[in-house]
Amino acid sequence: MSRQAKIGLIAVFLALASAFFMYTISVDGFAPKHAYHVAETVQTGHIPESGINVEGFYGFGAIFVIVSNIDPSALIYFPLTVWAYIPILFTLTYKLSSDYRIAGGVVLLQYLTGLEGTEKLYFWPHGFGKMLFFTVLILLIVSVRNGRWYRRLSLCLVIILTSLMFVSYNLSVIALACLGILAISTNLLESCANKTSKYWFSYSTSKSLIISISLAAIVIFGMSSFIYSTAIPLVLRLEEFSTLSKFTSAWFGTNDLPEELAAIYFTRPPTLTYLAVFKYVIVLFILSLLGILILQFLRHRDLYADDLIMGSLTLSVGIFMFLRIFVGAIPVQWLHLPMILTIGYLWKNRDRESAVLDIKTRRSIVVVALVLLLIQAPIFYAVGLQSNSINRVDGFSEYEESSEFMSDYSNKPVLTTKTSQYLVESYALQSYKESQSGIQVGVLTISDINKMRTQQQVKEGIYVTYTGWNYVALPNWVTVQSWEMSEGKIQRNTNMIHIYDSGKMKLYGNNNMSTKSG
């Protein structure tokens, strides 16, 4: 084994070690949702209506649980994704860079980045989606380097693109947009190319891509209800406050939110903001260099297939981010996806006369950028941990303990935040074994929380608070401070009574409910 390969493998093992070291104490707030829907699928024999956005994902989860004979709730922490995610990402980056060290470094960076690793480690739809999307890119690169387009590749693309919609709608949008842009740009270049053109996609390739995309789109629009039941209503709904307001309040602490929300909105500490800005300055620089290079190659008719693939990928992520802004979130973190692949692209990129920078300069930039990002990532995580900006996974057992108590009031709705919603439902499902007899769980609104804090009358139901979460999630990508910040005001609300206590988890009700201690 060469020295280069050894360094690459060491980086991969470091990525695996760092994933388990850093992320086993944190989890995404939606992780219990997926475990809950898998449990319901296993017990009832059909995918629940609330899980139809990613039916294929829950179907796979149910099969995995049955075959492996594990408890569905274990999927919250089960490291299912990591074993396929690492080799697929390593393979793709190596195909782009032809360098084991860069491929290993990119994998390491991917696993050091972020405040929680659910997508890259656990049972998560968008993690599965990325693996399928990476596979599409690998197939494109391999076919191009073999100098021909195989018919069976078109069938593979149709299957993968169709599956993506039922596994990860985010990556489905990116994949369709990426291949669509690639097909259109190939077709346009074919019509105006001269004899010195060096791009490797042909008109027949463009035609095959268009056919594959069209077939997949027909299946998606004909079979998936996500577009009609979720995506379109999200785009058309009216916002209570702007997407930009939520973003700036979360990261920069601005006060342009409604007064009752601004007082409890979760704002990251300034150090985290500075580190995030530092990272995305590097990310935007790398992506800007990619854009400049591609424009120069286009101007000199010196395009290769890798140029078109990377350009199409970056534009498709931009389109996806633009659409996400309309549904209530500014997904800046998605810029990380094209950036890590651009690092591999810039390393291998041939020393062409039309390039703005020579290969030695570009590789120096890649090394500096990769090193800086590898330094930033663990510091960002450490600051997040120190400043209580990470939701830890311990304490979930308190939901299980409380589910038996809540069964005494099963005729009353349970009201909680989105972070806790699926935990309550999951443990209730385990208690009752049949979803039909489970507890009805609703998500608290901003108005509900304001009433709990300000001595106002609350509607009938059981109110679940859990101070173990450092922040809690409401609908529409709104995050508020820990329940601990509001506990004193809630207890002073004479319209509410404290009916159950299980350590960090407390249950409240309106004042016509009897008291019971845990």
Side-chain angles (χ1 to χ4, degrees), residues 11 14-15 17-29 89 102 104-121 126 243-257 265-290 314 317 321 324-325 329-343 346 364-393 469-473 477-482:
L14 286 174
S18 66
F20 286 104
F21 174 74
M22 293 171 64
Y23 299 133
T24 49
I25 63 169
S26 65
V27 69
D28 190 280
L89 178 58
I102 296 298
V106 166
V107 172
L108 178 59
L109 174 61
Q110 181 73 344
Y111 273 85
L112 286 176
T113 298
L115 295 181
E116 52 83 19
T118 302
E119 177 182 278
K120 301 164 284 190
L121 200 63
H126 306 313
T243 299
L244 183 61
S245 296
K246 286 182 290 185
F247 179 79
T248 54
S249 296
W251 287 98
F252 301 98
T254 59
N255 293 318
D256 54 351
L257 291 171
Y265 206 78
F266 179 72
T267 301
R268 275 75 178 174
T271 305
L272 270 186
T273 300
Y274 300 147
L275 287 168
V277 170
F278 173 78
K279 170 186 174 178
Y280 284 101
V281 166
I282 298 174
V283 170
L284 289 173
F285 175 77
I286 293 294
L287 294 177
S288 297
L289 181 57
L290 168 68
T314 305
V317 171
M321 291 176 62
R324 281 296 294 265
I325 290 173
I330 297 182
V332 178
Q333 69 276 10
W334 280 89
L335 290 172
H336 185 80
L337 171 62
M339 186 275 298
I340 59 173
L341 299 182
T342 298
I343 285 177
L346 292 175
S364 298
I365 291 173
V366 166
V367 171
V368 172
L370 191 55
V371 170
L372 289 176
L373 290 170
L374 285 171
I375 293 172
Q376 184 270 353
I379 295 176
F380 185 80
Y381 184 86
V383 172
L385 191 63
Q386 185 180 25
S387 60
N388 295 323
S389 297
I390 301 174
N391 275 338
R392 301 172 66 90
V393 301
W469 292 108
N470 292 316
Y471 61 89
V472 291
W477 293 277
V478 172
T479 54
V480 297
Q481 296 175 5
S482 168

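Treat the numbers as computed from the prediction; the structure is a model and nothing was measured.
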Checklist entry - Taking all non-hydrogen atoms of both residues, which atom of T342 and which atom of I286 are closest, and how far apart? => result CG2-CG2, 3.5 Å
Checklist entry - Is there a donor-acceptor pair under 3.5 Å between the side chain of T273 and the backbone N or O of W251? => result yes
Checklist entry - How would you list all residue pairs meeting side chain to side chain donor-acceptor pair (under 3.5 Å) that involve residues 106-120, not counting sequence neighbours? => result Y85-Q110, Q110-H336, E116-T118, E119-K130
Checklist outcome for this item: Contacts of V371 meeting side-chain contact (heavy atoms from CB on, under 4.5 Å) (sequence neighbours excluded), chain-then-number -> V367, I375
Checklist outcome for this item: Smallest heavy-atom separation, V478 atom then Y265 atom, equals CG1-CE1, 3.5 Å
Item to check | Any residue meeting side-chain contact (heavy atoms from CB on, under 4.5 Å) with P269, in chain and number order, not counting sequence neighbours | outcome: L272, S387, S389
Item to check | Inter-residue atom distance N470.CG - F266.CZ, 0.5 Å rounding | outcome: 7.0 Å
Checklist entry - What's the shortest heavy-atom distance between T267 and S249, and which atoms? => result OG1-O, 2.8 Å
Next on the checklist: Please report the interatomic distance CG(L290) to CZ(F285), rounded to the nearest 0.5 Å.
Outcome noted: 12.0 Å
Checklist entry - Do you know the tightest heavy-atom contact between L374 and G105? => result CD2-O, 4.2 Å
Next on the checklist: I'd like to check the side-chain contact (heavy atoms from CB on, under 4.5 Å) partners of I330; sequence neighbours left out, ordered by chain and number.
Outcome noted: T243, L244, F247, I325, V332
Checklist entry - With sequence neighbours left out, what residues match Q376 under side-chain contact (heavy atoms from CB on, under 4.5 Å)? => result L275, F278, K279, F380
Item to check | Heavy-atom closest pair, residues P378 and L112 | outcome: CD-CD1, 4.3 Å
Checklist outcome for this item: Here the gap from I102 atom CD1 to L370 atom CG, rounded to the nearest 0.5 Å, amounts to 6.0 Å
Item to check | Nearest non-hydrogen partners of L89 and L341, listed with the distance | outcome: CD1-CD2, 4.3 Å
Checklist entry - Quick one: CD1 on I343 to CG on L346, what's the gap to the nearest 0.5 Å? => result 8.0 Å
Checklist outcome for this item: Sorted by chain and number, sequence neighbours left out, side chain to side chain donor-acceptor pair (under 3.5 Å) with T479 holds for none
Next on the checklist: Quick check for you: to the nearest 0.5 Å, what is the distance between I282 atom CD1 and I365 atom CD1?
Outcome noted: 12.0 Å
